[in-house]
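Here the structure comes first, spelled out in structure tokens, and everything after it is commentary.
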Amino acid sequence: MGRVRSCLAAALLPLACMLAVPAVAVDLDARFATADSARGKKIFRKCAACHTVDKGGRSKIGPNLWGIVGSFVGVREGFRYSSAMAGFGGSWTLRRLDDYLANPSALVKGGSMSFVGLKRANDRADVIAFLNEMSDNSVEFAPVSLENPAARLPDQDDVGILFPAAGASETIDACTPCHSELIVAQQGLTRKQWDEALVWMTEEQGMEPIEDRERSIILDYLAKHYGPDRPNFPRN
């Protein structure tokens, strides 16, 4: 994602200089201006094993996230934060949430959140737009600072070490909130065993259920590329 953002910033640099608007700020504003909170609600399923978002909701492994946008960092009634998060300070601005969701452990070193992050920029904007609606004091997104704002940025499918094929993005989205790509790639299970693993993770580990069509796509991908013979397991 860093390479994608660097390329985008370089492409916008001449125009940004003329308008005296930083390219990164244009990127962020553009994403929030076109953010889809309904899509963000679906993406938030990755977070639901650890967080509730309803008003007055209970804390789970992580704190309830009602009203999180704009709130103080590390301050949530009834929840004990790690010392790293409690000492991070400041408030959850749109920029800070975007940076945090991209790579939580890199931004708050020593924090307790194990989530690997949302690699796609649009996913982060959509989730933040959804969280922004879960509040009594929603933040108004700034308009894009360009005369002819670009359309929504294309999603970039970063599937890490997984084999880039149909179903890879769905697999990344379903599995990597809790597991590394290498953990997924090294299993070497049959389709039936992968299906049983998903059932176990849903029933015993609190993973959100995957809708049937997406589940089938994921199982087909895993059985083909990471079955017992593991044809695409990274061996270097």
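Excluded from the calculations below are hydrogen atoms, water molecules and symmetry mates; all remaining heavy atoms, backbone and side chain alike, are included.
Here Leu198 contributes atom CG and Ile218 contributes atom CD1; the two are 7.0 Å apart, rounded to the nearest 0.5 Å. Rounded to the nearest 0.5 angstrom, Ile68 CD1 and Ile128 CD1 are separated by 11.0 Å.
For residues 51-76, the pairs satisfying salt bridge (Lys or Arg N to Asp or Glu O under 4.0 Å) are Lys55-Asp136, with sequence neighbours left out. Listed by first and then second residue, the ring-ring contact (aromatic ring centres under 6.0 Å, His included) pairs that reach into residues 73-112 are Phe79-Tyr81, Trp92-Tyr100, sequence neighbours excluded. Here salt bridge (Lys or Arg N to Asp or Glu O under 4.0 Å) pairs that include residues 40-49, with residues two or more places apart or in two chains, are Arg45-Glu214, Lys46-Asp173. Residue pairs meeting the salt bridge (Lys or Arg N to Asp or Glu O under 4.0 Å) criterion with at least one partner in residues 192-204, sequence neighbours excluded, are Lys192-Glu196, Asp195-Arg215.
Counting heavy atoms from C-beta outward, Gln186 and Tyr226 have side chains that stay 4.5 Å or more apart. The shortest distance between side-chain heavy atoms of Leu222 and Leu189 does not fall below 4.5 Å.
Of the candidates Asn122, Asp98, Asp123, Asp98 is the only one forming a side chain to side chain donor-acceptor pair (under 3.5 Å) with Arg31.
Take Thr52 and apply the side-chain hydrogen bond (donor to acceptor under 3.5 Å, both in side chains) test, not counting sequence neighbours, and it matches Asn64. With sequence neighbours excluded, the residues forming a side chain to side chain contact (heavy atoms under 4.5 Å, CB included) with Ser105 are Asn103, listed by chain and number. Applying the side chain to side chain contact (heavy atoms under 4.5 Å, CB included) test to Val53 and every residue at least two apart in sequence or in another chain returns Phe44, Leu65, Phe130, Leu131, Met134. Scored by the salt bridge (charged side-chain N to carboxylate O under 4.0 Å, His left out) test, Arg191 finds Asp220 as partners (sequence neighbours excluded). Taking the side-chain hydrogen bond (donor to acceptor under 3.5 Å, both in side chains) definition, one finds that Thr190 meets it with Gln193, sequence neighbours left out. By the salt bridge (charged side-chain N to carboxylate O under 4.0 Å, His left out) test, Lys109 pairs with no residue at all, sequence neighbours left out. Ser91 meets the side-chain hydrogen bond (donor to acceptor under 3.5 Å, both in side chains) test with no other residue; sequence neighbours excluded. Not counting sequence neighbours, the partners of Ser138 by the side chain to side chain contact (heavy atoms under 4.5 Å, CB included) test are Asn132, Ser135.
No more than 12 heavy atoms of other residues, nucleotides or ligands lie within 6.0 Å of CD in Glu77, so this atom counts as exposed by the packing criterion. More than 12 heavy-atom neighbours from other residues, nucleotides or ligands sit within 6.0 angstrom of CG on Leu107. Residue Arg96 qualifies as enclosed at atom CZ: its count of foreign heavy atoms under 6.0 Å is above 12.
Closest approach of Ala185 and Leu162 over heavy atoms only: CB-CD2, 4.1 Å.
Here the side chain of Glu133 pairs no donor or acceptor atom with the backbone of Ala129 at under 3.5 angstrom. Without hydrogens or angle criteria, Arg39 side chain to Asp126 main chain gives no donor-acceptor distance under 3.5 Å.
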